[in-house]
Visitor: 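The structure that follows is given in the form of structure tokens.
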Amino acid sequence: MDAKIFRERLLGWYQEHQRDLPWRHTRDPYPIWLSEIILQQTRVAQGLPYWEKFMQAFPTLPDLASAEEQQVLRLWQGLGYYSRARNLHACAKQVMEEYNGQFPRTYDELLKLKGVGKYTAAAIAYFAFGEAVPVVDGNVYRLFSRVFGIETDIASSKAFNEFFNLGLELIDTQRAGAFNQASMEFGATYCKPQNPPCLTCTFASGCHALATGQQAKLPVKIKKTKVKDRYFHYLVFVHADQVLVRTRPVGDIWTGLHDFHLVETTKPATPDEWPTDLGKLLMGHSLKGGDVEYKHLLSHRRLHARFYEVNVPEKDAFEGLATQLEMQAVTWGNLENLAKPVLILRFLNDREI
DNA sequence: CAAACGTGGCA
DNA sequence: TTGCCAAGTTT
């Protein structure tokens with residue numbers, strides 16, 4: 001399909017069907033950057049409330065830069081991929097210190113910012129500064145691969161260059177218009193991963209995938225990792241209105257966030273089957289619970305968390321137990337008042353600790 | 001460059 | 001229920 005035809009159809013569709021999103025009403029790079037970080041691997045419906053929360057709490061870049069990292073993480077709770085929150089904060093400080101509080105205006109400079117990769121740099125360069133750089137995200141991979149019949153594995157590194165170069169051909173450098181927004185929007189809401197409505201599509205004539213019935217096969221994405229199961233047996237020690245929390249170790253899921261002491265197994269296990277003596281040890285200490293299960297599903301792993309609430313009548317008597325359990329970096333606190341970001345699991349909502 | 005990183009919606 | 005995967009970046 002000719003570049004001009006593609007562009008006209010895409011922009012024609014977009015004019016009719018674009019969503020009204022708050023970060024589209026501005027060219028201020030700050031709210032645009034914030035939206036792009038939040039929307040990495042995240043749907044608009046899920047990210048929008050967070051964008052609003054952040055804009056409320058930190059209306060300007062200096063507000064965010066001068067905040068405590070803990071406060072940023074607390075606001076990010078529940079969104080996932082928490083390194084984004086740390087990079088967000090680090091980036092804000094970086095722009096304040098290295099760029100005099102002004103976002104750099106070019107793709108190459110934007111790429112140097114923390115948490116800003118090829119996609120986000122292109123998006124900001126385009127949306128805030130009008131640089132005609134094509135964005136290549138999951139939606140663009142899908143749209144281009146289907147319409148033009150590209151069978152390159154989109155997980156491979158050369159795929160990016162191939163799609164980026166195609167984007168350069170398709171984008172109109174003279175009057176770039178809303179090309180990038182339109183291609184992402186179309187991929188997100190019309191040329192969907194499953195069951196796209198091809199018969200009424202504006203690209204119905206000329207689409208390679210429709211002509212060959214390859215909609216479900218494209219884009220090609222080779223997946224390799226197999227699913228692993230992890231079983232977390234949480235011990236929630238409770239004393240009056242306080243619980244024992246700890247900082248999660250670096251190098252694992254939820255790094256630096258807070259949760260409770262846990263025993264991990266690779267299979268379902270009851271306390272007496274745990275690889276430590278913990279289960280037996282706790283039998284004498286009113287171990288209750290075991291009825292709250294939190295299932296966490298990822299593309300390549302399944303997390304199963306079960307919670308055991310352990311009542312601690314006297315903190316002093318507990319010290320010996322804590323030593324035996326080899327518990328480290330733990331502190332007592334009221335979850336509501338903790339000044340630290342706490343990993344909110346369903347358990348907490350259920351129990352109102 | 002493969003692997004790791006969260007969560008929630010959908011069929 | 002299970003699998004797929006979404007406006008990606010970092011290591």
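Order of the sequence lines fixes the chain letters, A, B, ..., with proteins taken first and strands second; residue numbering starts at 1 for each chain. Note that these values count all heavy atoms, side chains included, but never hydrogens, waters or copies made by symmetry.
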Visitor: Does A:I124 reach a base, just sugar-phosphate, or nothing at all? Heavy atoms under 4.0 Å.
Guide: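 A:I124: no heavy atom of the nucleic acid under 4.0 Å.
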Visitor: Tell me every residue that passes side-chain hydrogen bond (donor to acceptor under 3.5 Å, both in side chains) with A:R43, counting only those two or more places apart in sequence or in another chain.
Guide: none
Visitor: A:D229 CG to C:dT1 C1': how many Å, rounded?
Guide: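 Those two atoms, CG and C1', are 14 Å apart.
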Visitor: For B:dT7, does OP1 or OP2 lie under 4.0 Å from any side-chain N or O of A:W254?
Guide: yes
Visitor: Expected output is a numbered-order residue list: members of residues 34-47 of chain A with a heavy atom under 4.0 Å from any atom of DNA chain B. What is it?
Guide: A:Q41, A:T42, A:R43, A:Q46
Visitor: Heavy atoms from C-beta onward define the side chain here; which of B:dG6, C:dA6, C:dA7 lies closest to that of A:A188?
Guide: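 Taking heavy atoms from C-beta onward, the closest nucleotide is C:dA7.
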Visitor: Base, sugar-phosphate, or nothing for A:R24, non-hydrogen atoms under 4.0 angstrom?
Guide: base
Visitor: For the P atoms, the ones on C:dA7 and on B:dC10, what distance do you get once it is rounded to whole angstrom?
Guide: 14 Å
Visitor: Give A:K158 one of three labels, base, sugar-phosphate or nothing, depending on what nucleic acid heavy atoms sit under 4.0 Å from its own.
Guide: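 Nothing, no heavy atom under 4.0 Å.
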Visitor: Whole angstroms only, please: what is the CG-P distance between A:L88 and C:dT10?
Guide: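 Going from A:L88 (CG) to C:dT10 (P), I get 12 Å.
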Visitor: Return whichever of A:Q181 or A:L111 has its heavy-atom-nearest nucleotide of DNA chain C closer to the 5' end.
Guide: A:Q181
Visitor: Which pairs, with at least one residue in residues 188-198 of chain A and sequence neighbours excluded, count as a side chain to side chain donor-acceptor pair (under 3.5 Å)?
Guide: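 Sorted result for residues 188-198 of chain A: A:Y190-A:T200.
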Visitor: Please report the distance, rounded to the nearest Å, between OH in A:Y82 and C1' in B:dC5.
Guide: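 In whole Å, B:dC5 C1' and A:Y82 OH are 11 Å from each other.
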Visitor: Check every strand shown and say whether A:R19 touches a base, only sugar-phosphate, or nothing at a heavy-atom separation below 4.0 Å.
Guide: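 Contact class for A:R19: base.
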Visitor: With the side chain counted from C-beta on, respond yes when A:H208 and A:V147 share a heavy-atom pair under 4.5 Å apart, and no when they do not.
Guide: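 No, every pair of side-chain atoms sits at 4.5 Å or beyond.
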Visitor: Using atom P of each nucleotide, how far apart are C:dT11 and B:dG6 to the nearest Å?
Guide: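 Between the two P atoms, the distance is 13 Å.
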Visitor: Can you tell me which nucleotide in B:dT7, C:dG8, C:dG3 comes closest to the side chain of A:R302?
Guide: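 The answer is C:dG3, which lies nearest to the side chain.
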Visitor: Record whether the side chain of A:Y81 comes under 3.5 Å of the base of B:dG6 through a donor-acceptor pair of N or O atoms.
Guide: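 Result: at least one qualifying N/O pair found.
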Visitor: Using a strict threshold of under 4.0 Å (side-chain N to carboxylate O), is an ion pair present between A:D252 and A:R230?
Guide: yes
Visitor: Can a side chain N or O of A:R142 be found less than 4.0 Å away from OP1 or OP2 on C:dA6?
Guide: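 Result: yes.
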Visitor: Quick one: A:Q18 CD to C:dA7 C1', roughly how many Å, whole number?
Guide: 16 Å
Visitor: According to side chain to side chain donor-acceptor pair (under 3.5 Å), does anything in residues 211-220 of chain A pair up with another residue at least two apart or in another chain? List the pairs.
Guide: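 As it turns out, there is no side chain to side chain donor-acceptor pair (under 3.5 Å) pair with a partner in residues 211-220 of chain A once direct neighbours are skipped.
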Visitor: I want to confirm an ordering. Mapping A:L113 and A:M184 to their closest nucleotides on DNA chain C, which one lands closer to the 5' end?
Guide: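 Here A:M184 is the residue nearer the 5' end.
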Visitor: My understanding is that only residues two or more places apart in sequence, or in another chain, count here; which of them pass side chain to side chain contact (heavy atoms under 4.5 Å, CB included) with A:P59?
Guide: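 For A:P59 the side chain to side chain contact (heavy atoms under 4.5 Å, CB included) partners, ignoring immediate neighbours, are A:D63.
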Visitor: What about A:L39 and A:Y81, same hydrophobic cluster or not, with Ile/Leu/Val/Met/Phe/Trp/Tyr joined at side-chain heavy-atom distances under 4.5 Å?
Guide: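 In one cluster: no.
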Visitor: Could you state the CZ-P distance from A:F127 to C:dA7, rounded to the nearest angstrom?
Guide: 12 Å
Visitor: Are any of A:T120's side-chain N or O atoms less than 4.0 Å away from OP1 or OP2 of C:dT9?
Guide: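 Checking A:T120 against C:dT9: at least one side-chain N or O falls below 4.0 Å of OP1 or OP2.
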Visitor: Applying side chain to side chain donor-acceptor pair (under 3.5 Å) as the test, list every pair that has at least one member in residues 127-145 of chain A; sequence neighbours left out.
Guide: A:D137-A:N139, A:N139-A:R142
Visitor: How close or far is atom C1' of C:dG8 from atom NZ of A:K221, stated in whole angstroms?
Guide: 10 Å
Visitor: With nearest nucleotides of DNA chain B determined for A:Q194 and A:S156 from heavy-atom distances, which residue corresponds to the more 5′ nucleotide?
Guide: A:S156
